Novice: 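Can you read through this structure? Questions will come right after.
Quick caveat: nothing in here was measured; it's all calculated off a predicted structure.
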Amino acid sequence: NQLWRIAPIRPLLVSTASSRLKASETVLGVSLTEWHDYEIEWRVTEAVFRADGQVVLRAPHPPNQPLGFVAWLDNSLMVVRANGATQSGRVEIPREQWLELSEVRIEKLD
C-alpha cells in the first residue's frame, strides 16, 4: 500500500501484478434477460468458458489450487492501467437487477 503512493513505482507494480495474475475476461454477446447455459471447463493448461455451448473465452494459465464457486452481481469497477493510473467507482444500473440460478453442478473431469 505504501509503495503504491510512490508514482514512479506504480507502473512496475502493475506490470508485476499483471504478469503474475494472468487474468482473462470477455464481454458476453448474449441477452442477460433470457436463460442461458454457462459452463467452465477447468483444465491444467487452460479454462474454457462457454455460453450456450459456444466457446466465449479460453483463459490460459488458470490457478492450480482448489477454488470455490461464487456467483454474484456487482456494479463496482476498478481499472488499473499500465502506467499505474487507477479508476474506481460504480457502474450506473438503470433498473432493478437480480441473479437467478436454476441449477449448479460441479463435476470432476476425467
Novice: Taking Val104 as the starting point, is it possible to reach Leu99 by hopping between hydrophobic residues whose side chains are less than 4.5 Å apart?
Specialist: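 Both belong to a single hydrophobic cluster.
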Novice: Is the count of non-hydrogen atoms from other residues, nucleotides or ligands lying under 6.0 Å from Glu96 atom CD greater than 12?
Specialist: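 Incorrect, the count does not exceed 12.
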Novice: Could you measure the distance from the CD atom of Glu46 to the NE2 atom of His61? Nearest 0.5 Å is fine.
Specialist: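 Glu46 CD to His61 NE2: 10.0 Å, rounded to 0.5 Å.
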Novice: Hydrophobic clustering (ILVMFWY, side-chain heavy atoms < 4.5 Å, transitive) - are Tyr38 and Val55 grouped together?
Specialist: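 Per the 4.5 Å side-chain linkage, Val55 and Tyr38 are not co-clustered.
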Novice: Going from CD on Gln87 to CG on Leu77, what distance comes out if it is rounded to the nearest 0.5 angstrom?
Specialist: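 The CG atom of Leu77 is 5.5 Å from CD of Gln87, to the nearest 0.5 Å.
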Novice: Rounded to the nearest 0.5 Å, what separates atom CG in Leu32 from atom CG in Leu73?
Specialist: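 If I round to the nearest 0.5 Å, the distance is 9.5 Å.
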Novice: How close do Ser31 and His36 get, counting heavy atoms only, and between which atoms?
Specialist: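 Shortest heavy-atom contact: O-NE2, 2.6 Å.
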Novice: Would you name the heavy atoms of Pro62 and Ala47 that are closest together and state the gap between them?
Specialist: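 What the structure gives for the nearest pair is CG-N, 4.0 Å.
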Novice: Before you tell me yes or no, could you show the steps for Arg43 and Glu41 under salt bridge (charged side-chain N to carboxylate O under 4.0 Å, His left out), namely the whole-Å CA-CA distance, both residues' side-chain angles and the distance that decides it to 0.1 Å?
Specialist: CA-CA 6 Å; Arg43 301 256 178 212; Glu41 185 177 326; 2.8 Å; yes
Novice: Measuring only between side-chain heavy atoms, which start at C-beta, is Phe49 closer than 4.5 Å to Leu28?
Specialist: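 SC-SC contact between Phe49 and Leu28 confirmed.
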Novice: Taking C-beta and beyond as the side chain, do Leu67 and Trp42 meet within less than 4.5 Å on heavy atoms?
Specialist: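 Contact flag for Leu67/Trp42 side chains = yes.
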Novice: Distance check, rounded to the nearest 0.5 Å: Glu39 atom CD versus Asp52 atom CG?
Specialist: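 CG of Asp52 is found 11.0 Å from CD of Glu39.
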Novice: For Leu101 and Ala71, work out which heavy atoms get closest and say how close.
Specialist: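 Shortest heavy-atom separation between Leu101 and Ala71 comes out as CD1-CB, 4.1 Å.
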Novice: Quick one: CG on Leu57 to CD on Glu25, what's the gap to the nearest 0.5 Å?
Specialist: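 One finds 9.0 Å between CG of Leu57 and CD of Glu25.
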Novice: Provide the closest heavy-atom pair for Arg58 versus Val48 in the form atom of the first, atom of the second, distance.
Specialist: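 Answer, listing the atom of Arg58 first, then Val48: NH1-CG2, 3.4 Å.
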Novice: Is it true that Arg105 and Glu103 have a side-chain N and a carboxylate O under 4.0 angstrom from each other?
Specialist: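 Glu103 and Arg105: salt-bridged.
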